[in-house]
Protein chains: 2
Amino acid sequence: MTDDIRDTVDGVIGALADPTRRHLLDLLATHGEVTATTLAEQVPVSRQAIVKHLAVLEAAGLATSRKSGREVLYAVRPDALNATARWMTALATEWDRRLAAVKRIAEAAERDSR
Amino acid sequence: MTDDIRDTVDGVIGALADPTRRHLLDLLATHGEVTATTLAEQVPVSRQAIVKHLAVLEAAGLATSRKSGREVLYAVRPDALNATARWMTALATEWDRRLAAVKRIAEAAERDSR
DNA sequence: TTCATGTGCAACTCAAGGATTGCACATCGG
DNA sequence: CCGATGTGCAATCCTTGAGTTGCACATGAA
């Protein structure tokens, strides 16, 4: 159940951890559907490296691939990113909540000590 | 300016990419202030490894350290996480926007072809 | 002071993954 | 059919980073 989310988050964060992959996502987002070969012309790495990155992005749910004739078109895919963003927001909120609780307790203790 | 955000995001995502570090953050969030030695008792890795992880987390702005006598207490720090969550939400929204635009254009072309 | 406990620094091991290269296979255009 | 272009697969190199170990230093408690 919630393990799905954990897996999603795990994959997305792992995929986003690499700068080259983030760059590729930017290119995909701006250019729409593109092939790995096209991307290779705009990035200082080999086509093969890009194919691997795209595979990681696709496995993480951040990209989709579609075959059109002899070429493969890749595009961005927002769902997993959205889910991860929500997860992160919830986590940050949780941290805020806990820290606020700790602070309240500390202030209460401070008050008692006087 | 916005490079600050990029650096923050870069650090946070890089820090969150490691499962052990995410686990440490969970422990910090639940236990409040703890020492590296205490954390080492609850995680199957050495204290030194944990110290390194905590250093990464602190560099990423996800944790703070405070010296109390001879021990060092670590705690969670929500700001950078919040900023990254907002960045990610904005990015996802941007993707949605672009995909919606592409879809509109495709539908218009479809309509014209009939 | 003396012992125990907690940190810090440094060198080292080792596996993971980013990147390249070479070649074989598929597909489109002439 | 045939050359050109785009993909896929596999072996390899090499850097990065997670983890360990050993030891020196600092601080608290007896």
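We name chains A, B, ... by the order of the sequence lines, and we start the count at 1 in each one.
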Undergrad: Would you find a donor on one side and an acceptor on the other, under 3.5 Å apart, between the side chain of A:Arg66 and the backbone of A:Leu73?
TA: no

Undergrad: Provide the start and end nucleotides, 5' to 3', of the part of DNA chain C that has atoms under 4.0 Å from heavy atoms of chain A.
TA: C:dG18 to C:dC28

Undergrad: Name the closest nucleotide to the A:Arg70 side chain, picking from D:dG19, D:dT20, D:dT5.
TA: D:dT5

Undergrad: Whole-Å distance between D:dG19 P and B:His23 NE2?
TA: 13 Å

Undergrad: Name the residue closer to the 5' end of DNA chain C, choosing between A:Gln48 and A:Val56 according to the nucleotide with the nearest heavy atom.
TA: A:Val56

Undergrad: Is there a side-chain contact between B:Thr38 and B:His31 (heavy atoms, below 4.5 Å)?
TA: no

Undergrad: Relative to the 5' end of DNA chain C, which residue comes earlier, A:Asp18 or A:Lys67, by the nucleotide with the nearest heavy atom?
TA: A:Asp18

Undergrad: Identify all side-chain donor-acceptor contacts of residues 48-65 of chain A below 3.5 Å with residues at least two apart in sequence or on another chain.
TA:
residue	atom	partner	partner atom	Å
A:His53	ND1	A:Arg21	NH1	3.1
A:Glu58	OE1	A:Ser65	OG	3.4
A:Glu58	OE2	A:Ser65	N	3.3
A:Glu58	OE2	A:Ser65	OG	2.8

Undergrad: Under 4.0 Å, heavy atoms only, any strand: does B:Glu71 hit a base, just the sugar-phosphate, or nothing?
TA: sugar-phosphate

Undergrad: Do the non-hydrogen side-chain atoms of B:Leu27 and B:Val43 ever get within less than 4.5 Å of each other?
TA: yes

Undergrad: Distance check needed: D:dG17 C1' versus B:His53 NE2, whole Å only.
TA: 9 Å

Undergrad: In the structure I gave you, are the side-chain heavy atoms of A:Ile5 and A:Trp87 within less than 4.5 Å of one another anywhere?
TA: yes

Undergrad: In plain terms, say whether B:Glu94 and B:Arg97 are close enough for a salt bridge, that is, a side-chain N and a carboxylate O under 4.0 Å apart.
TA: yes

Undergrad: Tell me whether the side-chain N or O atoms of B:Lys52 pair up with the base of D:dG19 as donor and acceptor below 3.5 Å, since no angle test is needed here.
TA: yes

Undergrad: What does A:Ser46 touch in the nucleic acid at a heavy-atom separation under 4.0 angstrom: a base, only the sugar-phosphate, or nothing?
TA: base

Undergrad: Would you kindly give the CZ-to-C1' distance between A:Arg66 and D:dG6, to the nearest whole Å?
TA: 16 Å

Undergrad: Atom CZ of B:Arg47 to atom C1' of D:dG22: distance rounded to whole Å?
TA: 12 Å

